[in-house]
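We use all heavy atoms of the structure for the numbers below, so side chains are in, but hydrogens, waters and symmetry mates are not.
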Amino acid sequence: MDVRTGLIALFCLMGFTCAEPVKYMDCGSSSGKVTIVDIKPCSSQPCQLHKGQSYSVNVTFSSAVESQTSKAVVHGIIAGVPVPFPIPIEDGCKSGIQCPIQKQLNYHYLNALPVKSQYPAIKLVVEWELRDDNNNDLFCIKFPVQIVN
């Protein structure tokens with residue numbers, strides 16, 4: 001095996017271990033359809049989120065509507081109770097999406113999920129919504145995580 005082939009194989013293996021799609025549940029994507037959810041780094045599921053770290057959340061979806069804007073709303077579901085989970089950028093148009101959003105096109109939404117040091121070590125479900133102009137969900141996904149020290 002020559003050096004180039006070895007490097008290609010190494011990068012492919014790294015990609016498979018670091019970029020495994022996350023298992024998620026659709027929770028009411030009325031204005032769009034999710035095709036893939038990827039959280040980096042997340043090598044096993046539920047994703048282990050370390051306190052003081054930030055994680056990349058990438059959602060590929062198609063829109064069923066046109067929208068001038070989009071806004072992200074994130075909650076942690078703890079014992080069935082939704083708790084607001086602040087993210088750095090709520091504006092979806094500043095998170096990898098070219099606005100205005102067009103009907104029948106695919107989009108790659110990318111944002112950060114910061115895990116504050118003061119969060120408790122706990123298992124929970126993250127609910128991530130991206131809303132259109134009419135406050136309908138372009139996507140709504142839920143995925144399990146575990147916050148660890």
Side-chain angles (χ1 to χ4, degrees), residues 8 11-149:
I8 291 170
F11 286 129
C12 287
L13 288 173
M14 286 172 51
F16 285 127
T17 59
C18 297
E20 178 181 328
V22 171
K23 292 178 183 151
Y24 66 92
M25 183 178 84
D26 189 289
C27 50
S29 303
S30 59
S31 297
K33 180 173 173 44
V34 175
T35 53
I36 193 164
V37 176
D38 184 31
I39 299 172
K40 292 182 184 173
C42 174
S43 57
S44 64
Q45 294 181 40
C47 292
Q48 301 235 334
L49 307 181
H50 294 267
K51 294 180 183 185
Q53 301 292 317
S54 188
Y55 295 81
S56 158
V57 177
N58 187 348
V59 180
T60 303
F61 71 100
S62 60
S63 177
V65 298
E66 294 182 357
S67 183
Q68 297 297 313
T69 63
S70 62
K71 179 183 177 186
V73 178
V74 182
H75 290 91
I77 310 294
I78 302 169
V81 178
V83 177
F85 204 104
I87 56 173
I89 303 172
E90 291 181 349
D91 186 348
C93 300
K94 295 180 181 174
S95 300
I97 297 174
Q98 180 70 39
C99 289
I101 295 171
Q102 301 296 312
K103 190 175 183 179
Q104 307 291 323
L105 292 181
N106 290 322
Y107 292 93
H108 300 281
Y109 169 82
L110 180 62
N111 209 328
L113 180 62
V115 181
K116 296 181 180 176
S117 298
Q118 59 265 39
Y119 288 168
I122 190 171
K123 286 185 178 182
L124 68 139
V125 173
V126 174
E127 180 182 79
W128 202 301
E129 300 169 86
L130 187 67
R131 297 180 178 164
D132 65 14
D133 290 338
N134 297 315
N135 215 29
N136 294 323
D137 287 332
L138 288 161
F139 68 75
C140 179
I141 54 171
K142 289 183 179 182
F143 52 91
V145 299
Q146 181 174 7
I147 297 176
V148 296
N149 291 323

Chemist: So, does Asn58 use its side chain to make a donor-acceptor pair with the main chain of Asp38 at under 3.5 Å?
Modeler: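 Not a single qualifying donor-acceptor pair exists.
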Chemist: Any side-chain heavy atom of Leu113 sitting closer than 4.5 Å to one from Ile39?
Modeler: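 No - every pair of side-chain heavy atoms lies 4.5 Å or more apart.
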Chemist: Please give me the minimum heavy-atom distance between Ala72 and Tyr109, naming the atom from each residue.
Modeler: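 Looks like CB-OH, 3.3 Å.
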Chemist: Considering non-hydrogen atoms only, spot the tightest contact between Pro84 and Pro86 and give its length.
Modeler: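 Between these two residues, the closest heavy atoms are O-CD, 3.8 Å.
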Chemist: Assert yes or no for the condition that the ring centre distance of Phe139 to Tyr24 is strictly below 6.0 Å.
Modeler: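 Between Phe139 and Tyr24, the centre distance exceeds or equals 6.0 Å.
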Chemist: For the residue pair Ser30 / Asn136, report whether a side-chain donor-acceptor contact shorter than 3.5 Å exists.
Modeler: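 No - no donor-acceptor pair under 3.5 Å links their side chains.
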Chemist: Report the residue from Asn106, Ile36, Ile141, Leu130 that forms a side chain to side chain contact (heavy atoms under 4.5 Å, CB included) with Phe61.
Modeler: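 For Phe61, the side chain to side chain contact (heavy atoms under 4.5 Å, CB included) test succeeds with only one of Asn106, Ile36, Ile141, Leu130, which is Leu130.
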Chemist: Nearest heavy-atom pair of Asn111 and Ser95: which atoms, and what distance?
Modeler: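 Of all heavy-atom pairs spanning Asn111 and Ser95, the closest is ND2-OG, 3.6 Å.
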Chemist: On the 0 to 90° scale, with breaks at 30° and 60°, tag the Trp128-Phe143 ring pair as parallel, tilted or perpendicular.
Modeler: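 Taking Phe143 first and then Trp128, their aromatic rings lie parallel (interplane angle under 30°).
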Chemist: So how far is it from Leu124 CG to Gln146 CD, rounded to the nearest 0.5 Å?
Modeler: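 CD of Gln146 is found 9.5 Å from CG of Leu124.
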Chemist: Tell me the closest heavy-atom pair linking Ser70 and Ile97, and the distance in Å.
Modeler: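 So the two residues come closest at OG-CD1, 4.4 Å.
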Chemist: Is there a side-chain contact between Val73 and Arg131 (heavy atoms, below 4.5 Å)?
Modeler: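 Yes, side chains in contact.
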Chemist: Would you call Gln53 and Pro114 a side-chain contact if the rule is heavy atoms closer than 4.5 Å?
Modeler: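 Counting from C-beta outward, Gln53 and Pro114 never come under 4.5 Å.
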Chemist: Stepwise, does the side-chain contact (heavy atoms from CB on, under 4.5 Å) test hold for Val65 with Ile101?
Modeler: CA-CA 8 Å; Val65 298; Ile101 295 171; 6.0 Å; no
Chemist: Does Tyr107 use its side chain to pair, donor to acceptor, with the backbone of Gln102 at less than 3.5 Å?
Modeler: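 Judged by distance alone, yes, a pair lies under 3.5 Å.
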Chemist: Gln45 side chain to Pro21 main-chain N or O, any donor-acceptor pair under 3.5 Å?
Modeler: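 Side chain of Gln45 to backbone of Pro21: a pair is present.
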Chemist: What is the distance from atom CD of Glu129 to atom NZ of Lys71, rounded to the nearest 0.5 Å?
Modeler: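 Going from the CD atom of Glu129 to the NZ atom of Lys71 covers 10.5 Å.
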Chemist: If you take all heavy atoms of Val115 and Ile147, which pair is closest and at what distance?
Modeler: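 Heavy-atom minimum between the residues: CG1-CG2, 4.0 Å.
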Chemist: Ser31 pairs by side chain to side chain donor-acceptor pair (under 3.5 Å) with which of Asp133, Asn135, Asn134, Asp132?
Modeler: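 The side chain to side chain donor-acceptor pair (under 3.5 Å) with Ser31 is passed solely by Asp132 among Asp133, Asn135, Asn134, Asp132.
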Chemist: Would you say the side chain of His108 lies within less than 4.5 Å of the side chain of Thr60, judging by non-hydrogen atoms?
Modeler: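 Heavy-atom side-chain distance check passes, below 4.5 Å.
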Chemist: Would you compute the distance between atom NZ of Lys40 and atom CG of Leu110 and round it to the nearest 0.5 angstrom?
Modeler: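 Answer for the NZ-CG pair, Lys40 versus Leu110, is 9.0 Å.
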Chemist: Give a yes or no on whether the backbone of Leu105 and the side-chain of Ser63 come within a donor-acceptor separation of less than 3.5 Å.
Modeler: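 Here the side-chain-to-backbone pair does not exist.
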Chemist: For the NZ atom on Lys51, are there more than 12 heavy atoms of other groups (residues, nucleotides or ligands in this structure) within a distance under 6.0 Å?
Modeler: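 Atom NZ in Lys51 is crowded, with more than 12 foreign heavy atoms closer than 6.0 Å.
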Chemist: Determine the minimum heavy-atom distance between Cys140 and Glu127, stating which atoms define it.
Modeler: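 Heavy-atom minimum between the residues: SG-CG, 4.1 Å.
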Chemist: Verify the neighbour count for atom CD of Gln118: are there more than 12 heavy atoms of other residues, nucleotides or ligands below 6.0 Å?
Modeler: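 Yes - once you tally the heavy atoms of other residues, nucleotides and ligands closer than 6.0 Å, there are more than 12.
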Chemist: Please say which of Leu49, Val125, Ile122 ends up in a side chain to side chain contact (heavy atoms under 4.5 Å, CB included) with Val145.
Modeler: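 With Val145 as partner, side chain to side chain contact (heavy atoms under 4.5 Å, CB included) holds for just one option, Leu49.
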Chemist: Examine the side chains of Ser29 and Asp137 and answer whether a donor and an acceptor come within less than 3.5 Å of each other.
Modeler: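 No.
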